[in-house]
Amino acid sequence: ISVDNKPPGDDAVVLGSVTVDGSLGALQIRGGASAGTVVIDGELRQLQVRGDAGDLRLAAESLRMVCINGTLGDGSIIASAGDIHSVKISGNVETSLILAGAGEFGAFDFATADLEPAAIKRLDVRGDVVDAVIAAGGNPGADGLFADGDVLPGGLIASMRVGGLIIGT
């Protein structure tokens, strides 16, 4: 699926709601993406956003490659029930969640999620990570916040590179 933005310099594409019953080879957004919910009931091989992604919510059974050519922010959520193979973000990650092992997360609610150990194999953020959660097999507990002891045994982030600062509580 390809979504074209307006001419360069215009606002981001407002995605609305997209549900795919099965796997999807690629979702490409040429320009920024905003205010969208994408639920894939299968594997998403590639998500590419050529711009900033704000208030973007993506849940899939498995994710191969996520590439954001800008900043991931404004409460965005990228969640996979299984492993996430590669995440590349050329800007910052701000007030967002990147979660591997978050099954049944299509409602984007931890109360209904099936959280299991999983892995993020490669994460590359060229900018800062600010007030964000990056978790592989994490469980925020009853309070909905990640803290000490809220990690499931077996979760793994194999490779993580942040080009800027890591800031948050």
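Just so you know, residue 1 is the first one in the sequence shown, and it goes up from there. None of the values given here were measured: they were computed from a predicted structure.
- Taking hydrophobic clusters as Ile, Leu, Val, Met, Phe, Trp and Tyr residues chained together by side-chain heavy-atom distances below 4.5 Å, Leu156 does not share a cluster with Leu99.
- Distance check: Ile167 CD1 to Asp131 CG gives 8.0 Å after rounding to the nearest 0.5 Å.
- Residues Leu27 and Val38 have side chains in contact (heavy-atom distance under 4.5 Å, counting atoms from C-beta outward).
- Asn92 contributes a side-chain N or O that, together with a main-chain N or O of Asp128, makes up a donor-acceptor pair within less than 3.5 Å.
- Between the CZ atom of Arg50 and the CZ atom of Arg30 there is a distance of 5.5 Å, given to the nearest 0.5 Å.
- Note that the CD1 atom of Ile40 and the CG atom of Asp21 stand 10.5 Å from one another [nearest 0.5 Å].
- The main-chain N or O of Gly103 is never found under 3.5 Å from a side-chain atom of Asp114 such that the two would form a donor-acceptor pair.
- Put simply, the side chain of Arg64 does not reach to within 4.5 Å of the side chain of Gln46, judged on heavy atoms.
- Residues Asn69 and Gln48 meet the side-chain proximity criterion, which asks for heavy atoms closer than 4.5 Å.
- Pairing each heavy atom of Ala136 with each of Ile120, the nearest pair is CB-N, 3.9 Å.
- With Asp52 contributing its side chain and Thr71 its backbone, the two residues share a donor-acceptor pair below 3.5 Å.
- Following chains of ILVMFWY side-chain contacts shorter than 4.5 Å, one can reach Val18 starting from Leu72, so the two form part of one hydrophobic cluster.
- Formation of a donor-acceptor pair under 3.5 Å by the Ser159 side chain with backbone atoms of Arg122 is not found in this model.
- For the pair Ile29 and Gly32, the tightest heavy-atom approach, listed with the atom from each and the gap, is CG2-O, 3.8 Å.
- A donor-acceptor distance shorter than 3.5 angstrom exists from the side chain of Arg57 to the backbone of Gly75, with no hydrogens or angles considered.
- The two residues Leu165 and Val162 have their closest heavy-atom pair at O-CG1, 4.1 Å.
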Does Ile98 form a side chain to side chain contact (heavy atoms under 4.5 Å, CB included) with Ile77? I'd like the steps, not just the answer. CA-CA 6 Å; Ile98 299 173; Ile77 300 170; over 6 Å; no
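- With values rounded to the nearest 0.5 angstrom, Ser96 atom OG is found 7.5 Å from Asp74 atom CG.
- The residues Arg161 and Asp124 are annotated as salt-bridged, a charged nitrogen and a carboxylate oxygen being separated by less than 4.0 angstrom.
- When all heavy atoms of Ala100 and Ala118 are compared, the pair lying nearest together is C-CB, 3.7 Å.
- In this structure, the separation between CG on Leu123 and NE2 on His85 is 14.5 Å, given to the nearest 0.5 Å.
- In this structure, Glu43 and Ser23 approach most closely via the heavy-atom pair N-OG, 3.0 Å.
- A distance of 5.0 Å separates OG in Ser76 from CG in Leu56, rounded to the nearest 0.5 Å.
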Chi angles and distances behind the side chain to side chain contact (heavy atoms under 4.5 Å, CB included) call for Asp41, Val39: CA-CA 6 Å; Asp41 189 23; Val39 178; 5.8 Å; no
I'd like to know whether Asp83 forms a side chain to side chain contact (heavy atoms under 4.5 Å, CB included) with Lys121, so could you lay out the CA-CA distance, the side-chain angles of the two residues, the decisive distance to 0.1 Å, and finally the verdict. CA-CA 8 Å; Asp83 294 345; Lys121 296 187 177 174; 3.8 Å; yes
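- No continuous path of ILVMFWY side-chain contacts below 4.5 Å connects Leu24 to Met65, so the two sit in separate hydrophobic clusters.
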